[in-house]
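Every chain is numbered from 1 and lettered A, B, ... according to where its sequence line falls, protein lines coming before strand lines.
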2 protein chains.
Amino acid sequence: MTPPKLLDEAALKERELQIINSAVLLIQKNGIENLTMDKVVAQVPFSKGTVYKHFIGKEDLLLAISNLAIKLLSELFSKAFIFQGCTRERMLLVNFSYLIYAILHPALFQTCICAKAPNVLGKSSAERIQEQEQLETKLMGAIFGIFEEAIANKSLVMPEYMDMQQLCFATWSMAYGTISLLSSEVEQCSGRTNLVVERELFNQSNLLFDGLQWQPLTKDKMHCSELKVALEQVFPSEIQQLKEKGRELKF
Amino acid sequence: MTPPKLLDEAALKERELQIINSAVLLIQKNGIENLTMDKVVAQVPFSKGTVYKHFIGKEDLLLAISNLAIKLLSELFSKAFIFQGCTRERMLLVNFSYLIYAILHPALFQTCICAKAPNVLGKSSAERIQEQEQLETKLMGAIFGIFEEAIANKSLVMPEYMDMQQLCFATWSMAYGTISLLSSEVEQCSGRTNLVVERELFNQSNLLFDGLQWQPLTKDKMHCSELKVALEQVFPSEIQQLKEKGRELKF
DNA sequence: TTAAATGTGTGACGAAACGTCACTGACGAT
DNA sequence: ATCGTCAGTGACGTTTCGTCACACATTTAA
């Protein structure tokens with residue numbers, strides 16, 4: 001048996017991460033619909049009781065995975081945020097970092113969507129839910145910052161009937177709707193529809209930004225070719241990973 | 001060749017509907033996270049074996065409920081479609097019929113969202129999944145028709161880089177993202193954010209339509225007041241139900 | 001040094017839910 | 001009267017969940 005030590009905060013976090021990672025591997029292998037606590041326990045050098053010390057239940061574990069996933073996504077958002085370019089370009093990059101993330105980490109993305117389901121939130125611990133809210137707020141931060149800059153440098157005028165939070169939400173929910181509805185086709189372009197998620201995301205982003213009169217407008221600039229360059233520059237390793245997956249972005 | 005059927009088709013459908021309705025009542029009462037097949041069986045004058053003749057499992061039942069819900073939503077869409085007004089106005093009505101539906105039938109809406117989760121689709125029967133695809137295609141029909149008219153009467157010019165299916169999807173996914181992300185606040189405006197779902201839906205619809213240069217543009221017309229009138233005219237009973245729920249639309 | 005207290009880990013266990021299958025009985029055909 | 005068919009049944013085996021009484025280590029007190 002493992003020699004038990006007394007409370008060590010860092011070790012606890014370490015162990016929690018180990019459990020989460022094992023669960024992610026199981027999701028990748030068997031699909032999220034077949035994840036069970038028993039399997040997780042079997043994968044991990046701890047007993048069921050110990051696992052349940054960290055997570056009050058299966059849903060709580062799912063939400064924990066989702067929260068970790070949001071943290072990873074935040075890093076991509078940050079990279080997009082610090083890109084040298086016009087604000088509209090950078091916001092487009094943010095939306096595409098979300099998409100890249102969904103393609104590269106389907107298990108994590110899937111878990112994020114599932115974690116939004118009421119049956120998951122309904123059974124998770126209050127702390128974990130609170131953490132999710134904080135993380136989402138932080139995630140919005142990147143979007144928020146770009147809008148602020150855009151308004152400051154006059155490339156965007158805030159509509160008088162909207163505030164900053166609404167602007168952020170508009171961008172976020174548009175990308176969320178597009179990607180999640182097409183998530184089944186995110187990995188491989190299935191034949192069911194003619195919709196290609198990266199193209200739709202690109203179009204809808206631009207429609208929304210044009211609707212906001214965010215300069216430069218689509219008709220004035222080749223956003224498409226510029227985005228490709230920016231993606232190569234900001235996400236070189238991620239783009240490479242996509243190529244290795246045989247899933248090059250086409251739009 | 002065909003064996004003698006002692007049971008007629010209609011009775012089977014009738015019974016299936018009875019099971020579905022019982023399940024919906026259980027969801028309304030206990031929440032979708034607590035729905036179990038055992039409870040459904042207990043609510044229904046049939047045995048478990050019979051219930052499983054209709055649905056291969058719990059997820060299949062959920063998808064069946066979702067499909068029924070889509071049919072109901074179709075009816076609202078149809079009402080919006082035949083409204084006498086400009087095309088942009090009618091599309092706005094379609095989006096709002098979706099919202100009204102989400103508020104009036106939270107259990108059904110919730111089930112629709114859950115039915116999109118991979119763990120549900122992964123365990124449902126192929127036939128039921130196919131039915132879902134057909135219903136969604138049909139649902140898109142109303143949106144499709146309005147776009148066709150808009151293009152025919154020149155109030156909208158199709159962007160050269162998009163086709164009809166993409167246009168439809170853009171509208172749909174925008175509304176989906178907005179409503180589903182705010183669904184937790186759909187019934188009661190929770191204090192967590194300052195976002196009000198009907199207002200965000202209104203704004204984002206108009207931003208998208210403005211981005212498409214869909215006439216008349218927001219700056220040229222009071223879409224807001226006109227929408228209120230149209231809602232009263234097209235959905236009088238639904239608006240009344242909303243008032244009875246103490247959930248008047250404010251935007 | 002010993003005993004008690006406290007903290008940590010374990011896995012057997014009961015409850016709950018799932019889905020199946022051997023059986024029943026009704027009804028038509030022979 | 002007998003047989004075959006099939007809708008319907010619900011008890012049963014299985015899976016999964018989450019708990020809890022116990023075991024063992026470490027610390028503290030005597």
K.L.:
In whole Å, what is the span from the CG atom of A:Leu62 to the P atom of D:dC17?
P.N.:
10 Å
K.L.:
For A:Phe46 and D:dA23, give me the distance from atom CZ to atom P, rounded to whole Å.
P.N.:
23 Å
K.L.:
End-to-end bend of the helix from C:dT1-D:dA30 to C:dT30-D:dA1 (five-pair axes, 10° rounding)?
P.N.:
30°
K.L.:
Give, ordered by number, those residues of residues 36-44 of chain A having at least one heavy-atom distance below 4.0 Å to an atom of DNA chain D; if nothing qualifies, reply none.
P.N.:
A:Thr36, A:Met37, A:Asp38
K.L.:
Between the side chain of A:Glu198 and the main-chain N/O of A:Leu249, is any donor-acceptor distance below 3.5 Å?
P.N.:
no
K.L.:
For the pair A:Glu238 and A:Lys79, find out whether any cationic side-chain nitrogen is under 4.0 Å from an anionic carboxylate oxygen.
P.N.:
yes
K.L.:
Can you say whether the rings of A:Phe251 and A:Phe202 are parallel (under 30°), tilted (30 to 60°) or perpendicular (over 60°)?
P.N.:
tilted
K.L.:
Whole-Å distance between C:dC18 P and B:Lys123 NZ?
P.N.:
10 Å
K.L.:
Tell me whether B:Glu200 contacts the main-chain N or O of B:Val196 through its side chain, where contact means a donor paired with an acceptor under 3.5 Å.
P.N.:
yes
K.L.:
Please check: side-chain N/O of A:Tyr101 versus main-chain N/O of A:Ala69, any donor-acceptor pairing under 3.5 Å?
P.N.:
yes
K.L.:
Taking DNA chain C as the partner, which of residues 22-35 of chain A come within under 4.0 angstrom of it by heavy atom?
P.N.:
none
K.L.:
Please determine if a side-chain N or O atom of A:Arg15 lies less than 4.0 Å away from the OP1 or OP2 oxygen of C:dT8.
P.N.:
no
K.L.:
Where along residues 48-56 of chain A does a heavy atom come under 4.0 Å from DNA chain D, residue by residue in number order?
P.N.:
A:Lys48, A:Tyr52
K.L.:
Do B:Gln132 and B:Leu121 have side chains that approach each other closer than 4.5 Å (heavy atoms only, starting at C-beta)?
P.N.:
yes
K.L.:
For A:Leu12 and C:dG7, what is the distance between atoms CG and P respectively, to the nearest whole Å?
P.N.:
14 Å
K.L.:
Decide salt bridge (Lys or Arg N to Asp or Glu O under 4.0 Å) for B:Lys53 and B:Glu16; before the verdict, give the C-alpha distance in whole Å, the side-chain angles of both, and the deciding distance to 0.1 Å.
P.N.:
CA-CA 10 Å; B:Lys53 276 261 156 58; B:Glu16 190 157 313; over 6 Å; no
K.L.:
Decide yes or no on side-chain contact (heavy atoms from CB on, under 4.5 Å) for B:Leu25 and B:Gln43, but give the supporting numbers first.
P.N.:
CA-CA 10 Å; B:Leu25 285 178; B:Gln43 285 287 315; 5.9 Å; no
K.L.:
Name all residues meeting the side chain to side chain contact (heavy atoms under 4.5 Å, CB included) criterion together with A:Val24; count only those two or more places apart in sequence or in a different chain, and write none if there are none.
P.N.:
A:Ile20, A:Gln28, A:Ile65, A:Leu108
K.L.:
Are B:Ser180 and A:Tyr176 packed together at the side-chain level, in the sense that at least one heavy-atom pair is separated by less than 4.5 angstrom?
P.N.:
yes
K.L.:
Tell me the side chain to side chain donor-acceptor pair (under 3.5 Å) pairs involving residues 58-70 of chain A, sequence neighbours left out?
P.N.:
A:Asp60-A:Ser125, A:Asp60-A:Arg128, A:Asn67-A:Glu131
K.L.:
In a check of side chain to side chain contact (heavy atoms under 4.5 Å, CB included) between B:Phe144 and each of B:Gln165, B:Lys138, B:Met164, which one passes?
P.N.:
B:Met164
K.L.:
Do B:Asn95 and B:Gln204 have side chains that get closer than 4.5 Å, going by heavy atoms?
P.N.:
no
K.L.:
Among C:dC18, D:dC17, C:dT10, which nucleotide has an atom closest to any side-chain atom of B:Lys58?
P.N.:
C:dC18
